[in-house]
Number of protein chains: 2
Amino acid sequence: MYTIKEVAKIMDVSEHTLRFWAKNGLFPEIKRDQNNVRLFNDNDLEWVKIVKCLRKVGTDNKSIKRYIDLCLVGDSTLKERYQIILDTKEKALNQMEDLKNQLEVLDYKQAFYENLIKNNLSDPWNPANKIQQAKEMAL
Amino acid sequence: MYTIKEVAKIMDVSEHTLRFWAKNGLFPEIKRDQNNVRLFNDNDLEWVKIVKCLRKVGTDNKSIKRYIDLCLVGDSTLKERYQIILDTKEKALNQMEDLKNQLEVLDYKQAFYENLIKNNLSDPWNPANKIQQAKEMAL
DNA sequence: TCTTGACTGATAGCTACTCTCAAGTCGTAA
DNA sequence: TTACGACTTGAGAGTAGCTATCAGTCAAGA
């Protein structure tokens with residue numbers, strides 16, 4: 001059994017966020033002790049894990065709740081849940097692709113700056129420099 | 001020269017977001033025609049590209065504005081800007097790593113569901129089933 | 001007994017959009 | 001000439017998902 005603080009540490013999710021998720025029904029009911037303090041068990045940790053996973057790939061909380069609710073309905077929703085996982089995987093792969101593209105932009109920028117710094121050049125992008133260049137061309 | 005609508009299409013960023021970014025100083029001043037309509041040139045498109053890139057890897061707008069402002073200052077900020085690009089690259093790589101981890105979680109889930117569906121089994125996670133299992137064990 | 005620390009829910013605030021709206025401009029068709 | 005439709009503008013309201021603050025409860029230790 002874990003307190004919310006321990007779960008926050010183990011799962012690397014803030015206590016605030018865990019309470020927010022709990023309040024919004026993103027976990028099945030979590031047990032409380034006699035003082036109303038939440039006590040997470042290992043199974044609850046698995047729920048946190050899947051919610052965290054779905055959030056990380058950008059699933060909105062409404063859709064996550066829907067998935068959780070399907071889980072609680074029982075076996076009749078197995079195929080629908082399976083499909084959600086497949087769709088989520090595709091989303092994650094698209095995001096990887098997107099990140100790769102952004103990395104290319106950053107690689108280009110890096111090379112651009114390295115060239116300027118190494119050769120002690122001026123930034124041809126800078127509007128101020130543009131004016132300067134225009135002046136030079138006009139001479 | 002491109003209207004905001006064209007830029008939105010070319011860069012795959014909504015007109016709303018472009019106006020929002022512009023209002024918050026995430027682009028250098030953009031030219032307007034006699035009717036106050038924004039006219040983006042190819043250089044502006046490059047600004048949109050870098051802002052989009054920074055946002056995609058989770059940079060907050062304040063930090064993006066700071067980067068843009070550094071760009072406008074001129075060559076004295078080249079090294080600082082270079083460092084921002086390097087830091088951003090690292091952030092992007094961390095995110096890739098994170099996504100890979102989440103994909104593993106999803107792969108596991110996929111296998112889990114495939115097993116249940118193929119073998120026509122009950123979800124051992126379902127709280128309702130847990131009760132059932134407990135009952136069966138009690139028999 | 002008092003203090004410290006952990007927890008609680010309610011609520012306020014924040015970021016980054018996202019949407020709606022009234023108003024202005026343009027080209028074309030009746 | 002006027003009406004229309006498609007486009008733009010800024011202002012401002014609304015939203016998602018946290019994030020932070022707060023007052024209050026409780027148990028354990030000095």
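Residue numbers begin at 1 in each chain, while the letters A, B, ... track the order of the sequences. Hydrogens, waters and symmetry mates are skipped; everything else that's a heavy atom, side chains included, is used.
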Item to complete: Give a yes/no verdict on a cation-pi contact between A/K109 and A/F112, requiring under 6.0 Å between NZ or CZ and the six-membered ring centre and an angle within 45° of the axis.
Response: yes
Fill in: Nucleic acid contacts - residues 51-66 of chain B versus DNA chain D, non-hydrogen atoms under 4.0 Å
none
Discussion item. Under a 4.0 Å threshold between the charged nitrogen and the carboxylate oxygen, would B/K91 count as salt-bridged to B/D87?
Written reply: no
Whole-Å gap separating [atom2] ([N]) and [atom1] ([X]):
{"X": "A/E6", "N": "C/dG5", "atom1": "CD", "atom2": "P", "value": "17 Å"}
{"X": "A/H16", "N": "C/dG9", "atom1": "NE2", "atom2": "P", "value": "13 Å"}
{"X": "A/Q34", "N": "D/dT25", "atom1": "CD", "atom2": "P", "value": "17 Å"}
{"X": "A/F20", "N": "D/dC18", "atom1": "CZ", "atom2": "P", "value": "6 Å"}
{"X": "B/D33", "N": "C/dG24", "atom1": "CG", "atom2": "P", "value": "17 Å"}
{"X": "B/I4", "N": "D/dG10", "atom1": "CD1", "atom2": "P", "value": "8 Å"}
{"X": "A/N24", "N": "C/dA10", "atom1": "CG", "atom2": "P", "value": "12 Å"}
{"X": "A/E15", "N": "C/dA6", "atom1": "CD", "atom2": "C1'", "value": "8 Å"}

When you measure from the side-chain N and O atoms of [X] to the phosphate of [N], is any distance below 4.0 Å, counting only OP1 and OP2?
{"X": "A/N36", "N": "D/dC26", "value": "no"}
{"X": "A/T17", "N": "D/dT19", "value": "yes"}
{"X": "A/W21", "N": "D/dC18", "value": "yes"}
{"X": "B/R38", "N": "D/dC7", "value": "no"}
{"X": "A/N35", "N": "C/dT8", "value": "no"}
{"X": "A/K23", "N": "C/dG9", "value": "no"}
{"X": "A/R32", "N": "C/dG9", "value": "yes"}

Under a 4.5 Å cut-off applied to non-hydrogen side-chain atoms, are [X] and [Y] in contact?
{"X": "A/I68", "Y": "A/W47", "result": "yes"}
{"X": "A/K52", "Y": "A/W21", "result": "yes"}
{"X": "A/D69", "Y": "A/K65", "result": "yes"}

Worksheet item: If you look at every strand shown and take non-hydrogen atoms under 4.0 Å, does A/S14 touch a base, only sugar-phosphate, or nothing?
Response: nothing
Worksheet item: Among the clusters formed by ILVMFWY side chains lying less than 4.5 Å apart, do B/Y108 and B/L116 turn up in the same one?
Response: no
Validation: residues 98-106 of chain B side-chain donor-acceptor distances under 3.5 Å, sequence neighbours left out:
unit_1 : atom_1 : unit_2 : atom_2 : d
B/D98  : OD1    : B/Q102 : NE2    : 3.3
B/D98  : OD2    : A/K56  : NZ     : 2.7

